[in-house]
Each structure stands twice: as structure tokens, then as C-alpha cells.
Amino acid sequence: MCIFCDIVEGKIPSTKVYEDESVIAIRDLNPQAPVHVLVIPRKHFDNIVDMAHNDDGAYSAAVVDAIAEVAKIEGIEDGFRVINNCGEDGGQSVMHVHFHVLGGAKLGEKIL
Ligand code: 5GP
Ligand code: ZN
């Protein structure tokens, strides 16, 4: 059972900002900045290392494109932050790889 797989499949509702054949981008349930969007590959990878080892590059490329697309849609292209927490020591709480896109304010150093 994986929360983000359920969100990808529509079993758990989410607010989508962007989607394509490879990824979805949804608003974080507990936003840490005025804009806080999660870019999530539709395919389950446990974390960024799993994705690096088990993707032929298509998902990684789609994630980068989606981040740029989200920044454009949200009007934060001039400045934002992308965060990936990997593993327990990295503070990852949902074990389906995802990328936080944060912006809409001048971000301090301590976030996430
Ligand atoms: P992590 O700590 O793994 O890097 O980030 C997980 C993020 O997922 C957290 O920021 C948390 O607020 C968000 N999150 C957890 N469950 C849900 C959910 O059901 N829906 C949405 N939209 N975000 C969630
Ligand atoms: Zn999953």
C-alpha cells in the first residue's frame, strides 16, 4: 500500500496542478510555503536512488520538465526551490519518490 500510488490512481483525492503521461503534480496537504506542489512520477519508485537505477531516464526527464511547467503555471519561474528528501535520514516520510516545489515567498534557509 502506497499513498502516492493511490493518489496517482485517483483512489485518494488530490488537487492537481499539472499532469502528463509520466507524472502528476499536486498541492501538498500541509504546505510549507505559499506555493507547495509535489511532483510525483506515476510509476512507483521508492526514492531518487531507486529511480536512478530503474528508470531508463524517461521519468527523470519528465520530472525536470514537470518542475519547470509547475513553476510556470504557478507564476514562480523567477525563483523557487526544489527539494527531494531521500530515505529516513533525509526526512522522507512517503516512500514513493516525489519532489517538493516551493515558492511564492522569499524562502528562508530552514524549510522542510
Ligand atoms: P516527504 O516528507 O516524504 O518528503 O514529503 C511527503 C509530503 O507529502 C509531506 O509534505 C506531506 O504533507 C505530503 N502528504 C502526505 N500525505 C499526503 C496526501 O494524502 N495528500 C497530499 N496532497 N499530500 C500529502
Ligand atoms: Zn507508490
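Both ligands and their constituent atoms are indexed starting at 1 by order of listing. Because the structure is predicted, anything quoted here is derived from the model rather than measured. Keep in mind that the numbers below use all heavy atoms, side chains included, and drop hydrogens, waters and symmetry copies.
For the side-chain contact (heavy atoms from CB on, under 4.5 Å) with Ile26, the qualifying choice from Leu29, Asp28, Ile24 is Ile24, the only one to do so.
Asn85 approaches His100 most closely through the heavy-atom pair ND2-NE2, 3.8 Å. Across all their heavy atoms, His36 and Pro31 have their closest contact at ND1-CA, 3.5 Å.
Protein N/O/S atoms found under 2.8 Å from the Zn ion (ligand 2): Cys2 SG, Cys5 SG, His44 ND1, His96 ND1.
In the displayed structure, Glu21 atom CD is contacted under 6.0 Å by at most 12 heavy atoms of other residues, nucleotides or ligands.
The protein residues lying under 4.0 angstrom from ligand 1, judged by non-hydrogen atoms, are Ile3, Phe4, Ile7, Ile26, Arg27, Asp28, Leu29, Asn30, Leu38, Asn85, Gly91, Gln92, Ser93, Val94, His98, His100.
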His44 and Asp46: CA distance, side-chain angles, deciding distance, side-chain hydrogen bond (donor to acceptor under 3.5 Å, both in side chains) verdict | CA-CA 6 Å; His44 181 101; Asp46 290 342; 2.8 Å; yes
Could you check His96 against His98 for ring pair (Phe, Tyr, Trp, His ring centres under 6.0 Å), going step by step and ending with a plain yes or no?
-> CA-CA 6 Å; His96 178 136; His98 54 280; 7.9 Å; no
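Ile3 has its side chain within reach of Ile12: a pair of non-hydrogen atoms, C-beta onward, lies under 4.5 Å apart. Residues Phe99 and Val63 form a side-chain contact, since some pair of their non-hydrogen atoms from C-beta on lies under 4.5 Å apart. Residues Phe4 and Leu38 meet the side-chain proximity criterion, which asks for heavy atoms closer than 4.5 Å.
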